Amino acid sequence: MVRRPDPPPPSPGPHHPPPLPPGPLIVLQLKSNAKEFKMAATAEAKKEDADYKRLHNFPLIRHTDMPEEMRVETMELCVTACEKFATNNESAAKMIKESMDKKFGSSWHVVIGEGFGFEVTHEVKNLLYMFFGGSLAVCVWKCS
């Protein structure tokens, strides 16, 4: 079987304008659409973040040594505080600490945030470490 060579590209003429170099045309097009692209990307990122938080809007206990009843109450308190003060972790921690001090005696400590590590000394059966909303960590412990 003999294969014929591909035909040459059409030469510029009345029906075929000369090809434009792709570089400058693309740069101009990107410059004109950069603002629209940035707005679309920002809207897309916000939508993905909202979807992620909606999907991961449940408490996930990583470690606890609390009795069942105390664990359930503490977990519900943490979820309520994190939902009420979604943009202010300090206020959420203060609400949790004050409630825990009233319910279970004084000397409770609370840390709320993302991307932190910890090493604490605590009373036995008085530690809860959980996540809420995907990446928001809550650590509650008592020491006297």
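As the structure is a computational prediction, the values presented were derived from the model and not from experiment.
Using a 4.5 Å cut-off on side-chain heavy atoms (C-beta onward), Cys143 and Val120 make no contact. Taking the side chain as every heavy atom from C-beta outward, Leu127 and Met66 never approach each other to under 4.5 Å. In this structure, Glu76 and Val72 have side chains that are in contact, with non-hydrogen atoms separated by less than 4.5 Å. Asn126 places a side-chain heavy atom less than 4.5 Å from the side chain of Met70. The shortest side-chain heavy-atom distance between Lys94 and Val110 does not fall under the 4.5 Å cut-off.
Nearest approach of Cys82 to Val138, heavy atoms of both residues: SG-CG2, 3.9 Å. A pairwise comparison of heavy atoms in Lys142 and Ser106 identifies CE-O, 3.1 Å as the closest pair. Shortest non-hydrogen contact noted between Pro59 and Phe132 is N-CD1, 4.0 Å.
Between the side chain of Asp101 and the backbone N or O of Ser99 there is no donor-acceptor pair closer than 3.5 Å.
To the nearest 0.5 Å, atom NZ of residue Lys125 and atom NE2 of residue His122 are 12.0 Å apart. Distance SG/Cys139 to CZ/Arg62: 12.5 Å, rounded to 0.5 Å. Here Met100 contributes atom CE and Glu73 contributes atom CD; the two are 8.0 Å apart, rounded to the nearest 0.5 Å. Here the CG-OG1 distance, from Leu128 to Thr74, works out to 6.0 Å after rounding to the nearest 0.5 Å.
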Exercise. For side-chain contact (heavy atoms from CB on, under 4.5 Å), just list the numbers for Ile112 and Ile96, CA-CA rounded to whole Å, side-chain angles, deciding distance to a tenth of an Å, and then say yes or no.
Key: CA-CA 10 Å; Ile112 300 177; Ile96 294 167; 3.8 Å; yes

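The number of heavy atoms from other shown groups lying within 6.0 Å of NZ (Lys103) is above 12. Within a 6.0 Å radius of CD in Glu123, more than 12 heavy atoms belonging to other residues, nucleotides or ligands are found.
Counting only residues at least two apart or on different chains, the ring-ring contact (aromatic ring centres under 6.0 Å, His included) pairs with a member in residues 70-114 are His109-Trp141.
Remark: Phe118 engages Tyr129 in a ring pair (Phe, Tyr, Trp, His ring centres under 6.0 Å) (not counting sequence neighbours).
Under the side-chain contact (heavy atoms from CB on, under 4.5 Å) test applied with Met130, the options Val79, Leu136, Val140 reduce to a single match, Val79.
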